[in-house]
Amino acid sequence: MTLTNAPATPGRPRAGVGDAIRTWWDGLARPMQWLVGVPAIIALALLPVFPPPFVDTPFLSFGGVMAQFAMYALIAVGLNVVVGSAGLLDLGYVGFYAVGAYTVGLLTSPNSPWNQTDGGWLNPDWAWLACLPLAVAVTAVSGLILGTPTLRLRGDYLAIVTLGFGEIVRLLADNLTEVTNGSLGLSQIAYPHVGESESIPQGVFSAGNVDPPLNSGVWWYWLGMFLVIVVLLIVGNLERSRVGRAWVAIREDEDAAEIMGVPTFNFKLWAFMIGAAIGGMSGALYAGQVQFINPTGFNIINSMLFLCAVVIGGQGNKLGVIVGAFIIVYLPARLTGIEVGGQSLGDFKYLFFGLTLVILMIFRPQGLFPARQKLLTYGRQVYQAVRRPNPSPVASLAPPPADAPK
Amino acid sequence: MIATIVADATTSYTARSIDFNVSALVDNFWQLTIDGLSYGSIYALVAVGYTLVYGVLRLINFAHSEIFMLGMFGQYVGLQLLGFAPSGNTYNEGMLATVVFLGLAMMFAMATSGAAAVGLERVAYRPLRKRGAKPLIFLITAIGMAFVIQEFIHFVLPRFVDLGGTNAEQPIKLVDPKVEFTVFGAPVTNVTLIIIGSAVVLALATEVLINRTKLGRGIRAVAQDPNTATLMGVSRERIIMLTFLIGGVLAGAAATLYTLKIPSGIIYSGGFILGIKAFSAAVLGGIGNLRGALLGGLILGVAENYGQILFGTEWRDVVAFVLLVLVLMFRPTGILGESLARTRA
């Protein structure tokens with residue numbers, strides 16, 4: 001069995017853009033990393049406030065697009081845990097996204113019989129924030145419920161069963177009309193009531209806040225970005241721990257991992273639950289931003305789009321999949337409204353993403369920014385030891401580095 | 001049309017939440033069974049395509065549902081070339097003429113689907129095989145191709161010809177559904193007869209092809225052990241191509257039968273759910289097993305029909321998916337379980 005991220009040709013892998021950045025970043029001292037990293041994040045956060053002319057989306061609110069990007073980034077990071085790290089192909093990820101969104105919707109929408117905001121145990125002002133951890137918990141449990149019976153299956157079968165799950169969740173939302181209001185959906189979902197003022201009576205997060213540059217999209221983008229960073233820190237730590245090594249081992253060869261004493265089923269379940277929980281968090285974000293959810297927003301084709309983000313970005317590379325999410329969200333938004341022969345270019349998004357998937361799988365199955373698994377954990381320490389000008393005895397025994405210093 | 005008869009029978013039972021309507025099931029048992037069998041025959045024919053490709057390549061051909069969808073369009077174009085125009089009316093040719101026209105339309109559908117399946121294999125899967133890709137990569141490619149084919153019909157094709165697009169095509173109704181006879185009080189229409197009859201003939205033909213001919217022996221040999229088969233003089237690439245061709249041709253035939261049952265179902269997205277159900281049928285019977293796929297298709301069609309009257313019509317698709325999950329959980333090898341390679345090897 002070939003390794004996922006192994007290059008097609010044996011020998012030293014060629015260094016790409018991702019490697020160049022990685023090498024440069026690893027070469028910086030810790031204070032320098034802070035000095036570069038923090039302004040970079042601030043610049044990214046300010047992007048929708050001062051949109052550069054060509055980057056701006058002419059027919060859509062750029063802030064809204066960036067808010068969607070933040071949600072998709074969250075999803076991509078979550079799905080990356082399942083698909084990229086643990087190697088479990090989940091085609092029903094949209095199901096978790098839906099569970100998260102519906103948890104918030106059912107608890108806070110006046111259309112729902114379980115609404116708790118009018119005299120229930122939820123304060124309307126803080127309902128969304130209170131529901132966020134709830135949504136995460138509920139989706140994690142749903143991941144556990146789906147994972148326990150199905151994770152004994154492998155590869156293809158798991159993919160189809162999860163696909164079925166995603167579709168079942170949508171059909172449940174569509175058909176349980178007494179609870180979910182069916183295809184009419186749930187409206188007036190709670191959102192953070194923050195920054196209420198004369199000009200914006202509903203607060204900065206409300207859909208009514210449409211004035212540029214600080215419209216609600218920008219606020220949601222900031223909130224989403226904050227959550228992405230938090231999740232990245234957690235997932236990054238997990239990946240560098242025993243758990244992450246177990247995931248990689250399972251992905252590369254499940255039988256070998258089991259023989260080496262990795263309780264594969266438990267770790268697969270963990271990956272599934274963590275991935276589901278992050279998906280649910282993104283769903284809660286979506287429900288709050290749009291303040292309206294209905295089943296058509298959770299079509300199975302969204303699952304494919306999420307998968308696209310992970311595959312394009314590079315399975316297993318957290319930052320790569322965020323770039324993938326950006327491509328998935330930004331390109332169709334940028335092309336929307338640009339007409340070629342009477343057809344909006346944004347309509348072709350699924351066609352283009354399908355083609356991209358096929359072409360990438362043939363020519364670059366590892367994605368645009370592939371992960372270098374051997375650099376992970378201990379490998380990284382060896383790697384850094386080797387890169388030093390005066391190699392230590394240990395380093396001289398290690399194989400030559402992937403990209404030697406110039 | 002049977003579907004409307006069933007719909008009429010079930011409208012009074014559809015509810016806003018999950019029902020458990022046993023008396024309706026008992027009352028309509030035979031009618032549901034017959035209708036389920038006609039759906040099941042269609043699932044079975046599509047499922048054979050999944051099972052053959054899985055047997056030979058260990059690949060879930062996710063884009064097979066789109067091959068089926070292309071077959072519906074092939075049949076539609078074929079009928080138009082034969083001089084039928086899409087309209088709300090049903091054509092009432094003589095019985096013989098109808099059979100001939102249907103046969104010709106089926107040929108068109110089979111040619112379209114067969115060519116599409118072979119093309120799919122050439123364009124998407126062969127380069128991957130040459131590179132020795134992992135199964136997951138095959139599956140992602142298949143998903144990508146499913147997207148490409150769907151969206152091609154959705155947005156690209158209507159720009160050049162008057163076909164495809166966002167809306168379903170105007171139906172061409174060739175056969176007027178009328179009740180021919182009854183079984184245990186349940187009406188059997190001519191449409192049902194045509195569907196089940198054609199499906200039985202095609203299933204038998206496939207069975208003979210796989211189990212009795214030299215080509216079939218080649219397919220089974222490659223399914224069992226590709227390397228040894230190659231050493232014994234079987235051309236693996238040729239066998240793979242022919243496997244896709246057989247699957248595609250059967251999907252085309254199924255597409256013709258499906259449009260006979262649901263004339264207004266010709267739309268770019270029309271294959272997706274049916275494909276997942278057909279795959280479920282293949283798994284139900286034991287994937288990689290030809291007879292399993294046929295049996296699984298019939299069981300799924302019938303079970304789905306019982307389920308929809310037990311729980312309400314809106315739960316029809318859920319029944320199929322839940323069945324799939326249950327089978328995979330308790331008997332992942334399916335009902336018949338044995339693989340294509342072991343049958344009469």
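Note that the coordinates shown come from a computational prediction; the quantities given were computed from them, not determined experimentally. In what follows, every chain begins at residue 1, and chains take the letters A, B, ... in the order their sequences are listed.
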Participant: If you count heavy-atom pairs under 4.5 Å with chain B, which of A:Leu360, A:Ile160, A:Asp174 comes out on top?
Facilitator: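 Going by pairs under 4.5 Å, I would pick A:Ile160.
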Participant: Counting heavy-atom pairs under 4.5 Å to chain B, which of A:Leu307, A:Val179, A:Val161 comes out on top?
Facilitator: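 Result: the option with the highest number of such pairs is A:Val161.
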Participant: Please classify the contact between B:Ile149 and chain A as side chain, backbone, both or neither, with a heavy-atom cut-off of under 4.5 Å.
Facilitator: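 The answer is neither part of B:Ile149.
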Participant: Could you tell me the separation between the CD1 atom of A:Ile362 and the NZ atom of B:Lys130, rounded to the nearest 0.5 Å?
Facilitator: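 If I round to the nearest 0.5 Å, the distance is 10.5 Å.
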Participant: Could you grab the distance from atom CG of A:Leu172 to atom CH2 of B:Trp315, nearest 0.5 Å is fine?
Facilitator: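 Here the rounded value is 5.0 Å.
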Participant: Which atoms of A:Leu351 come close to chain B, meaning under 4.5 Å heavy atom to heavy atom: side chain ones, backbone ones, both, or neither?
Facilitator: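 For A:Leu351, the contact with chain B is made by backbone and side chain together.
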Participant: Side chains of B:Leu139 and A:Met361, heavy atoms from C-beta outward: is any pair under 4.5 Å?
Facilitator: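 The answer is no; the side chains never approach within 4.5 Å.
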Participant: Does any heavy atom of chain A fall under 4.5 Å from the side chain of B:Phe138, the backbone, both, or neither of them?
Facilitator: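 Neither part.
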Participant: Which one, B:Leu59, B:Thr141, B:Val123, B:Val322, leads in non-hydrogen pairs under 4.5 Å with chain A?
Facilitator: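 Between B:Leu59, B:Thr141, B:Val123, B:Val322, the count favours B:Thr141.
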Participant: Does any heavy atom of chain A fall under 4.5 Å from the side chain of B:Ile276, the backbone, both, or neither of them?
Facilitator: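 When you check distances to chain A, only side chain atoms of B:Ile276 fall under 4.5 Å.
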Participant: Heavy atoms, side chains only, cut-off 4.5 Å: are B:Phe155 and A:Lys349 in contact?
Facilitator: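 Answer no - side chains too far apart.
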Participant: Can you list the steps and then say if B:Val148 with A:Tyr350 is a side-chain contact (heavy atoms from CB on, under 4.5 Å)?
Facilitator: CA-CA 7 Å; B:Val148 171; A:Tyr350 291 115; over 6 Å; no
Participant: I would like to know whether B:Ile273 and A:Glu167 meet side-chain contact (heavy atoms from CB on, under 4.5 Å); could you show each step before the answer?
Facilitator: CA-CA 10 Å; B:Ile273 294 287; A:Glu167 193 62 8; 3.5 Å; yes
Participant: Could you look at B:Val283 and say if it's the side chain, the backbone, both or neither that has a heavy atom under 4.5 Å from chain A?
Facilitator: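 The side chain, not the backbone.
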Participant: Find the one option among A:Thr356, A:Ile301, A:Thr150 whose heavy-atom pairs under 4.5 Å with chain B are most numerous.
Facilitator: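 With the most close heavy-atom pairs to chain B, the winner is A:Ile301.
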Participant: Quick one, A:Gln315 with B:Ile140, criterion side-chain contact (heavy atoms from CB on, under 4.5 Å). Give me CA distance, side-chain angles, the key distance, then yes/no.
Facilitator: CA-CA 12 Å; A:Gln315 301 171 43; B:Ile140 294 173; 4.1 Å; yes
Participant: In the structure I gave you, are the side-chain heavy atoms of A:Leu91 and B:Ile143 within less than 4.5 Å of one another anywhere?
Facilitator: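 With C-beta onward as the side chain, the pair touches.
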Participant: Taking the side chain as every heavy atom from C-beta outward, state whether A:Phe348 and B:Val156 have any atom pair closer than 4.5 Å.
Facilitator: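 A:Phe348 vs B:Val156: side chains touch.
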